[in-house]
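Structure first, commentary second.
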Amino acid sequence: MSETVNAAESAAPHRYTAALAADIEARWQDFWDKHGTYEAPNPGEGSLGGDPETAAKPKKFIMDMFPYPSGAGLHVGHPLGYIATDVYGRFQRMTGHNVLHTLGFDAFGLPAEQYAVQTGTHPRVSTEANMGQMRSQLRRLGLGHDQRRSFATIDTSYYRWTQWIFLQIFNSWYDDEAGRARPIDELVAEFESGRRPTPEGRADWSDLDGTERADLLGGYRLAYASDAPVNWCPGLGTVLANEEVTAEGRSERGNFPVFKSRLRQWNMRITAYAERLLTDLDPLDWPEAIKLQQRNWIGRSEGARVDFPVETTGTGGDGAGGQTAITVFTTRQDTLFGATYMVLAPEHELVAGEGGIVPAAWPEGTREAWTGGHATPAEAVTAYRAQAAAKSDVERQADAKDKTGVFTGAHAVNPVSGERVPVFIADYVLMGYGTGAIMAVPAHDHRDFAFARAFELPMRCVVEPSDGRGTEPAAWDDAFSSYDARIVNSAGSRVVLDGLGVVEAKARITAWLEEQGIGAGTVNYRLRDWLFSRQRYWGEPFPIVYDDEGVAHPLPESMLPLELPEVDDYSPRTFDPDDADTSPETPLSRNGDWVHVTLDLGRGDGPRTYRRETNTMPNWAGSCWYELRYLDPYNDERLVDPSVERYWMGPRDGMPTGGVDLYVGGAEHAVLHLLYARFWSKVLFDLGHVSSAEPFHKLFNQGMIQAYVYRDSRGIAVPAAEVEERDGAYFLGGEQVSRTLGKMGKSLKNAVTPDEICAEYGADTLRLYEMAMGPLDVSRPWDTRAVVGQYRLLQRLWRNVVDEATGEVAATVTDDAPDEATLRALHKAIDGVRQDLNGLRFNTAIAKITELNNHVTKQPTVPRAVAEGLVLLIAPLAPHVAEELWRKLGHETSVVYADFPVADPAYVVDETVTCVVQIKGKIKARLEVSPSITDAELEEAALADPAVAAALAGGTIRKVIVRAPKLVNVVTG
RNA sequence: GCCGGGUUGGUGGAAUGGCAUACACGGAGGUCUCAAACACCUCUGCCCGAAAGGGCUUGUGGGUUCGAAUCCCACACCCGGCACCA
């Protein structure tokens, strides 16, 4: 160290430098830990109970979407939301609220497991190490978290309750009449007593054996195993939920192809809640964009089911078939007269084998193009089904433009026109939506139009186009699907729709179908049940065992938690990503001792042998209910104490459904985590375990911190920190590189860590910078050069209060009353900052604090009241330096619970305001006037102004608009 | 293709019907210093002009209004979501 630096330091040994900031920050972080400053008491006498007044205190429950403990560590983008919730929480503490804010870890799931596989360590070991690293990085930021309430989803004391909730869901069914979930025992009782008959085609309850009963109940349970086409991803070795598959038909994680494969898997009956998940969105204080995404995902559409009679072929091979019907779902029942053919999904059961509708031979005169070149319909159908099954979703979508399909040889009857229409199978009809069958109206649906063109099927116009194209579909380029038109060509012997508008025609035909008993108005949802099992090691084991008959039994509560066993090889079995003809193998199944057990399930049949379920739950399970466990993390008796839950989550004024007061996280969880968590919330609500039907009342999506990516001539990212700017171009060494905006991360060599910013400027500066960059919900680029601006703010604030030579309060800090202008500046800042912090507008709050501080800096002395005001205003944003200054100013207690200042309305308005005088909207003069000036006085003053008078000379005044005290606009003629 | 969000100085942004460019970064000049750094002060949207001053300006074009970054219509571009959903 050189002498000159020593000299500078000795001149100002108490200057606010990075070293001093580090010292202050470490000291106050230790202080907060030691005093439990951020511990939020629960009402009542539970493990975290507070004093008796707690229950009466207003509360704020603030949450962040908790992180995965990834091995890469944090970059400056990660804590953006955490800092924002911390600032908001601190502001709420200073305005008298009991604030619950903590942060846990979402530690199960693919990322943690893949990282563990890559590094060759057990997932628990690497996960714990990562959590340790992230905890220390986060602690450095001074986040006001109640550490007692932090947990990880992999803690057995936590996933015990995840398993418990699974059992609750497994042991419930959705009562459509009551519109809510009920215990499955109540359904069994209804069957036993005969109050509820078993569904059609089933024997009486008393005649069913155990397997049949289990099978019947499985059709009701909210968690059930079923054989269904699922998203099988050989590259990952696991099945995936629809929400985890991209639009390209690949896995969101790893980007591997995904195939439809029929496998027995666990599902959650989220579709039972489709309507409630939709309607309950309305009162939530969420970004409209997210609500819209959920609405689209649920995809409610109103329409009708219609039966088309069709001959079956019979099973005996004697040709003696029967009558059945193809039921279709349509939103355009008004176009029923235009249905000239039908299409079934390739997977549809009526073409699956014997007893279906496929005849032995092609009907007389079947066109060559319809048969696919096959000798019999059965061959054609089998071949097409095989072809469709072998296609990955990627291929299926890539082929979407070219319609393919094959004739089944069968005909159905259009119930309104009586016309015989051919039945096709084609992969443009999806088994998972509606009934997996459609009536095709080529004139009024563009997909049917394309298919009809390709297969030369007839088209009939039944809605008269309003765009003057005529009523001959053969001459059209595409279908006419607008609702703004009249029905034509729709007069049958039994029902007539001609002349009606689309909406009236729908109502008329729906009523007629219901009368005839061949259809009904119905609501259909795009939402599918949630595929809930994964062939992975690193997840919650299912608390389910199978008996020798293969019937699933829930473990009794006393056997929870069912701990994840240690295995030698926890990596999943993966396959050639393109090989659809593979099936999953669960890591847990390799552990025979764990799988095969003898248990007494308390069913009165004593100890018996069982086989454990070897699938694990998806990583979403742990995040579906964590808000509840923050409330009561040490409760061994219950998920959460009801009175504690009611206090923090219960419905109240302005929040009819209840929930977390503020939940901040990225928009990427719009339909995954947020939909699943809402679903679990509703089940727990229905079963009486919680008082809030919604988990999160207010949701806020923070933007992403982006970073510049520099690439060399080969397009390879180069280390951003080493790039230099010269005359608007960028260079690495001698070579020019290009600059684009992208994500921040190690792979693009542009990560900036909070650690390095803290080391250079301190955590308070980092916090201020992240909050000052722009509105919280907007993405913006990181600029390390600009961080110094917030550092300077803190340095000026420090110097306004502290003597840099002595470290004591500066002599310029006086007990004198502030002058008028300073008082007004202070109260305007207080007023503005309060509103901004309440509205999460941290960037403008900082601008207002900066303005006040700049004003104070220019004054020769700093009145103590103003110094304290500044410290209190900045305390939520820069808590360490605020604590230090608060202490220096003579306060014995922490600033964390000091009262946030309240503005005096008398000083919020300026003494004089600037009035602009415009002539025809152009500014000609500015007047300093009293804020209480009347319109008449202001008009007079404006017209008397020399510049205005000069500009008006010669013209005639047509009108004068006066908006006292800010504006006069003279309109001349 | 459909739905949603956006486009303001050299840069991040402020202003949501009434002074466009607050606050900050960067830049220029200055004070302090032997010098530098720090700090502090002044200037900094664009164009014309020596200056005084004038003109122009919120993606583009139109409209509503005394007055538009802000409201409406059309277009362009960027970002996000969904996508054969009957």
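First the proteins, then the strands, lettered A, B, ... as listed; each starts at 1.
One finds a side-chain N or O of Ser301(A) lying less than 4.0 angstrom from the OP1 or OP2 phosphate oxygen of A86(B). Under 4.0 angstrom from either OP1 or OP2 of G18(B) there lies no side-chain N or O belonging to Lys966(A). At least one side-chain nitrogen or oxygen of Arg796(A) sits closer than 4.0 Å to the OP1 or OP2 atom of C40(B). Phosphate proximity of C40(B) to Arg799(A): present, with a side-chain N or O under 4.0 Å from OP1 or OP2. Between Gln918(A) and G18(B), a side-chain N or O to OP1/OP2 separation shorter than 4.0 Å is absent. Here Arg792(A) does not reach the OP1 or OP2 of C40(B): none of its side-chain N or O atoms lies under 4.0 Å away. Proximity of Arg785(A) to the phosphate of U11(B): no side-chain N or O atom is located under 4.0 Å from OP1 or OP2. Between Asn969(A) and the phosphate of U65(B), there is no side-chain N or O to OP1/OP2 separation shorter than 4.0 Å. Contact between the side-chain N/O atoms of Arg963(A) and the OP1/OP2 oxygens of G17(B) is not found at any separation under 4.0 Å.
From Gln293(A), atom CD reaches atom CH2 of Trp286(A) across 11.0 Å, with rounding to the nearest 0.5 Å. Here the CG atom belonging to Leu870(A) is positioned 6.0 Å from the CG atom belonging to Leu797(A), to the nearest 0.5 angstrom.
For C84(B), its base sits under 3.5 Å from the side chain of Lys403(A) at one donor and acceptor pair at least.
Residue contacts shown for Ser779(A) are limited to sugar-phosphate atoms, with no base heavy atom under 4.0 Å away. The residue Arg526(A) sits close to a base: some heavy atom pair falls under 4.0 Å. Across all strands, Thr330(A) comes closer than 4.0 Å only to sugar-phosphate atoms, never to a base (heavy-atom distances). Among the protein residues, Asp448(A) comes within range of no part of the nucleic acid, since none of its heavy atoms lies under 4.0 Å from any strand. Using a 4.0 Å heavy-atom distance criterion, Ala847(A) is classed as a base contact. In this structure, Leu430(A) reaches the bases: a heavy-atom distance under 4.0 Å links it to at least one base atom across the strands shown. Residue Val429(A) is in base contact, counting any heavy-atom pair closer than 4.0 Å across all strands shown.
Per the geometry, CG belonging to Leu797(A) stands 15 Å off P belonging to A39(B), to the nearest Å.
Across all strands shown, U58(B) has no partner, as no Watson-Crick or G-U wobble contact with both distances under 3.5 Å is found. In a base pair of the Watson-Crick type (N1 to N3 plus N6-O4 or O6-N4) or a G-U wobble (N1-O2 and O6-N3), with each distance short of 3.5 Å, C43(B) is matched with G27(B). Pairing for A36(B) is absent, judged as Watson-Crick or G-U wobble with the two contacts each under 3.5 Å. For G49(B), there is no paired nucleotide, since no Watson-Crick or G-U wobble pair has both relevant distances below 3.5 Å.
A salt bridge links Asp836(A) with Lys848(A); the closest basic N to acidic carboxylate O contact falls under 4.0 Å. Under 4.0 Å is where a charged nitrogen must lie from a carboxylate oxygen, and between Arg300(A) and Glu275(A) at least one such pair does. By the 4.0 Å N-to-carboxylate-O rule, Arg385(A) lies too far from Glu347(A) to be salt-bridged with it.
Here C3(B) is the nucleotide among G12(B), C66(B), C3(B) with the atom lying nearest to any side-chain atom of Leu292(A). Side chain of Ile961(A), nearest nucleotide from C66(B), A20(B), C82(B): C66(B). Among C40(B), G13(B), C25(B), the nucleotide with an atom closest to any side-chain atom of Asn843(A) is G13(B).
Listed here is the closest heavy atom pair of Asp935(A) and Ala964(A): OD1-CB, 2.9 Å.
RNA chain B is contacted by both Val788(A) and Asn296(A); Asn296(A) maps to the nucleotide lying nearer its 5′ end (nearest heavy atom per residue). If you find the closest nucleotide of RNA chain B to Gly789(A) and to Ala289(A), the one lying nearer the 5' end belongs to Ala289(A).
If you take atom C1' in A36(B) and the same atom in C46(B), they sit 36 Å apart, rounded to whole Å. Rounded to a whole angstrom, the distance from the P atom of A69(B) to that of U64(B) is 16 Å.
Each of Thr765(A), Asp764(A), Leu768(A) was compared with Leu793(A) under the side-chain contact (heavy atoms from CB on, under 4.5 Å) criterion, and only Leu768(A) meets it.
With a glycosidic angle no more than 90° from 0, G9(B) adopts the syn conformation.
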